[in-house]
Amino acid sequence: MLDIKLIRENPDLVKDKLKLRNEDISVIDKILELDKNRLGVIHRSEGLKETRNKVSDEIAVMKKSKEDAAEKISEMKKVSDDIKELDEELRKYDDDIDVLMRFIPNLPHDSVPFGKSEKDNVEFKKWGDKKSFDFKVKDHVQLGKTLDILDFERGTKISGSGFPLYKGKGAQLERALINFMLDEQGKNGYREVMTPLLVSRTSMEAAEKIPKFEEDMYHFEKDDLYAIPTAEVSILNIHRDEILKQEELPIKYCGYTNCFRREAGSYGKDTKGFLRVHQFNKVELINFCQPEESYDQMENMLLHACGILEKLSLYYRVIELCTADIGFAASKCYDIEVWSYAEDKWLEASSVSNCTDFQSRRAMVRYKKILENNKTKTELVHILNGSGLATSRLMVSLLETNQTKDGNIIVPEVLRKYAGFDVI
RNA sequence: GGAGAGGUGGCAGAGUGGUCGAAUGCGGCGGUCUCGAAAACCGUUAUAGGGGUAACUCUAUCGAGGGUUCGAAUCCCUCCUUCUCCGCCA
């Protein structure tokens with residue numbers, strides 16, 4: 001969430017930034033009014049509390065010296081009732097403000113290109129060469145079926161559409177890919193973690209996934225747990241409600257998890273094979289750092305994600321998302337897309353986001369900043385996330401790129417020691 | 001799932017209705033002493049939110065949320081969590 005103080009003190013700045021995102025800015029004025037009322041109630045309530053505390057002390061003294069305090073007690077009874085009423089009112093204001101705040105996205109960074117839709121995203125970088133095939137390429141579904149390594153029909157039988165079944169060398173290749181990526185990110189300084197896949201509502205809220213994306217989550221009602229849509233959620237919550245040391249920043253984690261997404265509202269779009277699935281595998285990168293270095297860290301993370309694709313020799317490009325397309329919690333985003341020869345289009349395989357203090361404010365992840373005069377100040381960390389990478393769309397490109405004329409797959413050099421075979 | 005015992009400041013650990021934001025010890029920071037260090041001694045040591053240019057001041061916080069009371073770390077209720085024992089299961 002945004003800082004209420006920033007809204008209070010710089011409403012025009014906030015509005016201008018939100019306009020860039022095509023947001024309805026009337027909500028800011030509503031918040032300002034509620035906030036003003038809220039502060040008034042706080043003043044009155046705290047004034048009464050001050051009286052109550054003072055008089056209660058006086059009552060204690062009177063009782064000790066056996067004086068009659070009945071009058072003061074009845075006086076305070078009234079004061080206490082008034083406090084109760086004001087605090088009730090205060091809570092209402094808090095709730096009303098919170099409801100509005102939860103749907104306001106992060107402010108875009110100055111470097112983010114302006115745009116009105118995803119069409120205005122800017123190509124930032126392109127790597128590799130588009131391969132030319134002297135035969136008709138098969139798509140990943142055909143390849144998977146012919147080689148008997150991917151079985152979407154049976155996956156559907158087991159769970160419904162969007163739950164892929166990997167078989168034999170397909171399963172092994174997937175495992176190889178995951179291990180390869182974890183090892184590479186480990187070399188890049190990320191500490192490997194294996195996290196819970198089901199998380200509490202509190203954890204989802206801390207990551208700013210709820211309430212905005214509630215419809216996209218799998219929810220286990222009986223235990224009130226949510227299946228994570230990305231390891232970002234569980235990794236981010238490692239340090240919820242903690243105060244970190246300045247010298248341990250940046251803290252970098254990588255973790256492989258299954259990811260679960262209901263993909264509500266996207267039925268009928270990209271339904272083929274891996275293009276849009278409810279369950280997929282992803283190696284996630286998370287970085288907790290000091291505010292002043294977060295944009296540098298972001299560039300690093302982008303390189304770390306791209307490094308995987310380069311080692312796999314896959315043709316890819318990086319897109320800098322425009323103000324209309326950056327993620328809810330993000331101030332800046334890069335998407336990495338791999339090329340699908342069969343679909344003849346780019347597929348999103350990774351997204352690197354700087355969420356600044358937007359998530360850390362609700363998650364309360366802070367650090368002790370050492371100031372010049374040697375004093376310390378507690379400040380929110382910046383949190384970044386990036387996929388490094390998601391396997392499903394990566395697998396599409398990997399299979400298609402490395403197919404041979406007779407329908408086999410040449411395993412990329414770097415994966416061979418992980419897979420234990422060279423060809424499928 | 002059953003039975004019991006806990007959750008207090010960075011840590012350990014007192015505190016069962018009143019000047020308790022909280023004794024004491026350890027640790028941390030600053031100082032005295034010393035050539036320097038140790039020891040000893042003295043001081044200091046939380047977070048959040050209001051108000052004030054500031055010194056400062058007010059409010060809240062003893063697992064979380066409600067309740068009783070003029071007043072709650074202390075009493076009552078609910079939840080979370082940790083530990084011990086029993087049962088069940090991988």
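Lettering of chains follows the sequences in order, A, B, ..., and the numbering in each one begins at 1. As the structure is a prediction and not an experimental result, all values here were calculated from the model.
The partner of B:U81 is B:G6, judged by Watson-Crick or G-U wobble contacts that both fall below 3.5 Å. In this structure, B:C62 makes no Watson-Crick or G-U wobble pair, since no nucleotide meets both defining distances under 3.5 angstrom. Under the Watson-Crick or G-U wobble criterion, with both distances below 3.5 Å, B:C89 has no partner in any strand shown. Pairing of B:A72, defined by two Watson-Crick or G-U wobble distances under 3.5 Å, is not identified with any nucleotide. Nucleotide B:G43 has B:C29 as its partner under the Watson-Crick or G-U criteria, with both atom distances under 3.5 Å. The nucleotide B:U24 finds its pairing partner in B:A12, both defining distances of the Watson-Crick or G-U wobble pair being shorter than 3.5 Å. Nucleotide B:U34 is matched to nothing when pairs are restricted to Watson-Crick or G-U wobble geometry with both distances under 3.5 angstrom.
In this structure, A:K5 has no side-chain hydrogen bond (donor to acceptor under 3.5 Å, both in side chains) partners at least two apart in sequence or on a different chain.
When the nucleotides B:U47, B:A60, B:U19 are ranked by their closest atom to the side chain of A:K368, B:U47 comes out on top. Listed candidates were B:A60, B:U68, B:G71. Nearest to the side chain of A:K84 is B:U68. Minimum atom distance to the side chain of A:K63 is reached by B:G18, of the listed B:C58, B:G18, B:G51.
Between A:N408 and A:I424 the shortest side-chain heavy-atom distance does not fall below 4.5 Å.
When ring centroids are compared, A:F124 and A:Y334 come within the 6.0 Å threshold. Ring pair A:Y253/A:H239: centre-to-centre distance below 6.0 Å. In this structure, the ring of A:F274 has its center less than 6.0 angstrom from the ring center of A:Y166.
Counting any heavy atom pair closer than 4.0 Å across all strands shown, A:R201 reaches no nucleic acid atom. Among the protein residues, A:T378 comes within range of the sugar-phosphate backbone only, with heavy atoms under 4.0 Å from sugar or phosphate atoms but none that close to a base. Among the protein residues, A:K49 comes within range of the sugar-phosphate backbone only, with heavy atoms under 4.0 Å from sugar or phosphate atoms but none that close to a base. A:R91 comes within 4.0 angstrom of the backbone, heavy atoms only, and of no base.
Taking atom CD of residue A:E242 and atom P of nucleotide B:U47, one finds them 16 Å apart after rounding to whole Å. Across the protein-nucleic acid pair, A:I42 atom CD1 and B:A48 atom P stand 16 Å apart, rounded to whole Å. Here the P atom of nucleotide B:C20 and the CG atom of A:D57 are 9 Å apart, to the nearest Å. Rounded to an integer number of Å, the gap from CG of A:D35 to C1' of B:G49 is 12 Å. Atom CD in A:E71 sits roughly 15 Å away from atom P in B:C70 (whole-Å rounding). The CD atom of A:E50 sits 11 Å away from the C1' atom of B:G51 (whole-angstrom rounding). Rounded to whole Å, atom C1' of B:U59 lies 13 Å from atom CZ of A:R38. Distance CG (A:D241) to P (B:G10): 14 Å, rounded to an integer number of Å.
The nearest heavy atom of RNA chain B to A:V61 and to A:K5 marks one nucleotide each, and the one closer to the 5' end goes with A:V61. Nearest-nucleotide positions on RNA chain B place A:R366 closer to the 5' end than the other of A:R366 and A:I73.
Taking the C1' atoms as reference points, B:U82 lies 25 Å from B:U24, given to the whole Å. Taking atom C1' in both B:U69 and B:C77, one finds a spacing of 16 Å when rounded to whole Å. Of the P atoms belonging to B:G63 and B:G15, the separation is 15 Å, rounded to the nearest Å.
For A:S351 and A:D335, the side-chain atoms include at least one donor-acceptor pair closer than 3.5 Å.
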